[in-house]
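Every heavy atom of this structure was used, including side-chain atoms; hydrogens, water molecules and symmetry mates were not. Keep in mind that this is a model prediction, so the values were computed, not measured.
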Amino acid sequence: MKFEKMIATRDGFGEEIVALGKENPNILVVDADIGKSCKTGAFRKELPDQYLNVGIAEQNCAGVAAGLATCGKIPFVVTYAAFGSMRMCEMIRQEAAYPNLNVKLACSHGGVTPANDGASHQAIEDMGIYRTIPNMTVIMPADAVAARKLVRAAAEHDGPVYLRFTRDKVPVIYGDDETFEIGKAKLLGEGNDVAILANGDTVRLALEAAEQLAADGIKARVLDFHTIKPLDVEAVTAAIEETGKLITVEDHNILNGLGSAVCEVAAELGKGKVKRIGIQDQFGQSAPYERLLAINGVTVENIVEQAKALIG
Amino acid sequence: MKDNLTIAELKNKCVDLKKNVISMIYKAQSGHPGGSLSVADFMTACYWHAMDVDPQNPRWEDRDRFVLSKGHVCPAQYAALAMKGFFPMEVLDTLRKEGSPLQGHPSMTKCPGIDISTGSLGQGLACAVGMAIAGKMDKKNYNVFCALGDGETNEGEIWEACGTAHKYGLDNLIVFVDWNNLQLDGTCDEIMPLLDLAKKFQAFGFETFEINGNDMAEVVDALDKAMASKNGLPKCIIGKTVKGNGVSYMENQVGWHGVAPNDEQYRQAMDELDRQYV
């Protein structure tokens, strides 16, 4: 499979937030001194009156955003996924999720994409953490186009949203006119032999795996679960009913992310086999991004192998 | 419209407020009387002197905001809100009961007049800072009042928020530290010495006022000065207070942090407070 363009999804965010800010003066960016890495540079330059930087103080950052949201602002809290989900977790729970305020977390460096930085900066727990907090919406776009569209959807959504982006470049898989709806999975490949449910930077792996499986006459359904909460239960159920064999793929701990969410649906239905591919509940290390995925079996080859094993 | 009460009238309002605090915690048999009483003078002075709020329109955009960062003393704020007419007085009897708007710690989605949900200590000041920044951005004249506990300043987030308040020149932010010198496990000196709180806030760029936080005239004077001082600095009123203020057997007793009075204690507290009208 050939992908022509490679763009990090954090760049999609950085582009769209400027457009949103120009359209609506209530859209703010609240940085915590890693704005440059999270791509808020253009916003800071072009919309200085809508830009705040509270320093290396994530807990305060979350609270300030909540206070702003009570006054009708739509603050985008910008940091790395590890800090946005863990350093500020309780502040977001108490001051944004509990009162259901319009605070958006826009977090770069999701999953193992902060590869060389090592385990301290890799976020493999974040989506699971926010999945368990009421009122939260949890999103990871697959490419820069999806990032732009879902950032806009998050801004329009009433309530707190966690958005997770990649540091690394990922292939652009969507056309510019593609539409996205929060909580609605995207069908990227038809097939009833097996279903591959992926999100974020692993959607490209699912697409490549499906292509290889097709060469062997196996028709794989490919779904992009950009939103893991609310989960598109209808799409999971259809995949279980129509294929019976599911593989989940994510750049996240296999505990409590997309794989877990899908397993919950399957268990309650009492149907379907699910194989989870993701980070194997272990901390990472400084290494190339693709290596870190490979160490955990998050590869095209493993998806193909697991699909064949499921089909039997 | 702000109320324009004399100091004597404010003192009497404060007694009313304290009686409502004792009464609701007694009926609930649950809640935090000690800190609710030590912050009562500040609460009264805010709602009946300093703040412009509209009980008929609790989310009025131009209102002054109140952030009770020490959320566990919400009986004091609930009493003020009911007495101001944000909701009927009878609602006070539902404190901490299932389905009540008066949660054990304040919820902005459940209770009219609560500007932000609090309860987890150390978080309210950052929210107050956000509100004050929004006020500056929107060129509004409202002030944001924020009540902190003394023990709560153990939390690092408080000092993070102070830095932000200074950076953004929030002279529309007025913090009150209810320094009753008792926290849950013991005295502040035993648990975590606060050192010179005024100097600490000054070092973070605040203009500070040190007062007896249970002297209504001093509280009102400090609020007036803080509100009048438009010099780009956030304000902090350090109020030396007495935990359990006004109820003899609760005063300065660490045990009265989160305990409800029994029948006899309730009667005694109400008798004592009744004698405090001026």
Side-chain angles (χ1 to χ4, degrees), chain A residues 21 24-33 47-77 79 83 86-105 133-135 158-160, chain B residues 58-67 69 71 103 105-111 113-140 142 144 146 155-170 172-173 204:
Chain A
N24 180 356
N26 282 326
I27 301 267
L28 310 178
V29 162
V30 189
D31 261 332
D33 196 40
L47 298 160
D49 295 341
Q50 290 161 244
Y51 177 80
L52 298 160
N53 196 323
V54 301
I56 309 166
E58 289 81 8
Q59 307 175 47
N60 169 55
C61 187
V64 168
L68 289 164
T70 67
C71 300
K73 304 295 179 190
I74 307 173
F76 277 73
V77 169
T79 182
F83 314 140
M86 288 173 274
R87 191 60 163 268
M88 52 173 84
C89 176
E90 198 226 340
M91 289 74 200
I92 291 294
R93 172 187 180 268
Q94 166 70 28
E95 305 297 357
Y98 176 41
N100 202 24
L101 289 172
N102 235 345
V103 173
K104 320 299 175 186
L105 284 139
I133 296 180
N135 290 341
D158 188 22
Chain B
R59 295 281 164 94
W60 173 40
E61 282 185 5
D62 294 338
R63 72 190 184 281
D64 290 313
R65 269 77 171 166
F66 192 97
V67 175
S69 195
Q103 294 291 295
H105 295 82
S107 165
M108 67 179 290
T109 56
K110 294 187 164 74
C111 181
I114 297 295
D115 292 318
I116 185 80
S117 305
T118 56
S120 176
L121 292 174
Q123 300 187 15
L125 183 54
C127 301
V129 166
M131 294 174 190
I133 292 173
K136 292 277 184 193
M137 281 179 166
D138 294 341
K139 301 198 167 39
K140 289 188 181 290
Y142 64 74
V144 183
C146 178
E155 294 275 10
E157 189 190 347
I158 292 292
W159 304 102
E160 295 180 1
C162 285
T164 307
H166 173 258
K167 175 181 175 183
Y168 289 100
L170 303 181
N172 54 349
L173 172 69
F204 278 85

### Query
Where does B:Ala128 contact chain A at under 4.5 Å (heavy atoms): side chain, backbone, both or neither?
neither

#### Entry: Part of B:Ser120 lying under 4.5 Å from any heavy atom of chain A
both

### Task
To the nearest 0.5 angstrom, please state how far the CE atom of B:Met108 sits from the CG atom of A:Asn100.
10.0 Å

### Summary
Most contact-rich option vs chain A, by heavy-atom pairs under 4.5 angstrom, among B:Arg59, B:Glu157, B:Lys140, B:Glu61, is B:Glu157

### Task
Verify, without hydrogens or angle tests, whether B:Glu160 (side chain) and A:Asn60 (backbone) share a donor-acceptor contact under 3.5 angstrom.
yes

### Query
Of the non-hydrogen atoms in A:Asn53 and B:Lys167, which two are nearest, and what is the gap between them?
O-NZ, 2.6 Å

### side-chain contact (heavy atoms from CB on, under 4.5 Å) evaluation trace for B:Met137 with A:Leu28
CA-CA 11 Å; B:Met137 281 179 166; A:Leu28 310 178; 3.9 Å; yes

### Message
Determine whether A:Leu68 and B:Ile133 satisfy the following criterion, side-chain contact (heavy atoms from CB on, under 4.5 Å), listing intermediate values before the conclusion.
### Response
CA-CA 7 Å; A:Leu68 289 164; B:Ile133 292 173; 4.0 Å; yes

### Message
How long is the straight-line distance from CD1 of B:Ile116 back to OH of A:Tyr98, given to the nearest 0.5 Å?
### Response
11.0 Å

### Query
Where does A:Glu58 contact chain B at under 4.5 Å (heavy atoms): side chain, backbone, both or neither?
backbone

### Task
Kindly compute the distance separating CE (A:Met91) from SG (B:Cys127), expressed to the nearest 0.5 Å.
10.0 Å

### Message
I'd like to know if the side chain of A:Glu95 reaches the main chain of B:Thr118, judged simply by a donor and an acceptor atom lying under 3.5 Å from each other, with no hydrogens or angles considered.
### Response
no

### Most chain A-contacting option - heavy-atom pairs closer than 4.5 Å, from B:Lys110, B:Met131, B:Arg65
B:Met131

### Task
Search all heavy atoms of B:Tyr168 against all heavy atoms of A:Tyr51 and return the closest pair with its distance.
OH-O, 4.5 Å

## Note on the structure
Highest number of heavy-atom pairs under 4.5 Å with chain A among B:Ala134, B:Gly130, B:Ser107, B:Gly124 belongs to B:Gly130

### Query
At what distance, to the nearest 0.5 angstrom, does OG1 of B:Thr109 lie from CG of A:Leu101?
9.0 Å

